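These notes are about the structure you will find just below.
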Amino acid sequence: MALLELLSRLRLAPLHYHLRRSLSAAAPPPHEPPPPHHAPPSQPASNKHKLFVAGLSWSADERSLTDAFSSFGTVTEVRIMYDKNSGRSRGFGFVQFSNNYEAKCAKDAMDGKVMLGRALRISFALDKVRGGPVIVPRLPTAKQDD
DNA sequence: GTTGAGCGTT
């Protein structure tokens, strides 16, 4: 009877689909997947929201820094490193913005500019791990006598 | 009272 054939086809159909899908899955496309995590060697781990500002004048304070950078975006954090003993400025500090765009804009605009008679050196701040020292990327040493 | 490359605390 034709009814039996119909039933057989209906029952076998899912099996065929399953087999075909398994075979397809067993043969992935020649598409090359990118590496899981790739860190560009020329760009150390840095916080794109925070800027490292060096070349500050000795008399520069957080107030002047904020006043100078607030025109490029929302400044969420401003910190100047002072000497623990003398209490005077160490000549560098950190300025964090609301987002990376403002930070990059401020860096591109203020890097090399003169403030309070001194040229600013701005770059993205390195990732600071709480409880750990700051990993400073050192320039490639010409000699390695390890 | 000085000096001038740099990457930090809560």
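Numbered from 1 within each chain, the chains take letters A, B, ... in sequence-line order. Quick caveat, the model's predicted, so the values are computed rather than measured.
- No donor-acceptor contact under 3.5 Å links the side chain of A:Ser46 to the base of B:dC7.
- A:Ile122 comes within contact range of no nucleotide atom at all, as no heavy-atom separation falls under 4.0 Å.
- Heavy-atom minimum distance, A:Gly87 versus A:Tyr82: O-CD2, 3.6 Å.
- Both thresholds, 5.5 Å between centres and 30° between ring planes, are met by A:Phe94 relative to the base of B:dG8, so the two rings are stacked.
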For a quick test of your reading: what N or O donor-acceptor pairs under 3.5 Å do the side chains of residues 113-124 of chain A make, sequence neighbours left out?
unit_1, atom_1, unit_2, atom_2, d
A:Lys113, NZ, A:Ala109, O, 3.4

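- Atom CG in A:Leu126 sits roughly 13 Å away from atom P in B:dG6 (whole-Å rounding).
- Formation of a donor-acceptor pair under 3.5 Å by the A:Glu102 side chain with backbone atoms of A:Phe72 is not found in this model.
- Judged by distance alone with a 3.5 Å cut-off, a donor-acceptor contact links the side chain of A:Lys50 to the base of B:dG8.
- Of the residues in residues 99-115 of chain A, not one places a heavy atom less than 4.0 Å from an atom of DNA chain B.
- In this pair, A:Trp58 lays its aromatic ring flat on the base of B:dT3, centres within 5.5 Å and planes under 30 degrees apart.
- For A:Phe52, the ring pair (Phe, Tyr, Trp, His ring centres under 6.0 Å) partners two or more places apart in sequence, or in a different chain, are A:Phe92, A:Phe94.
- A distance-only check finds a donor-acceptor pair linking the side chain of A:Ser64 to the backbone of A:Asp61 [under 3.5 Å].
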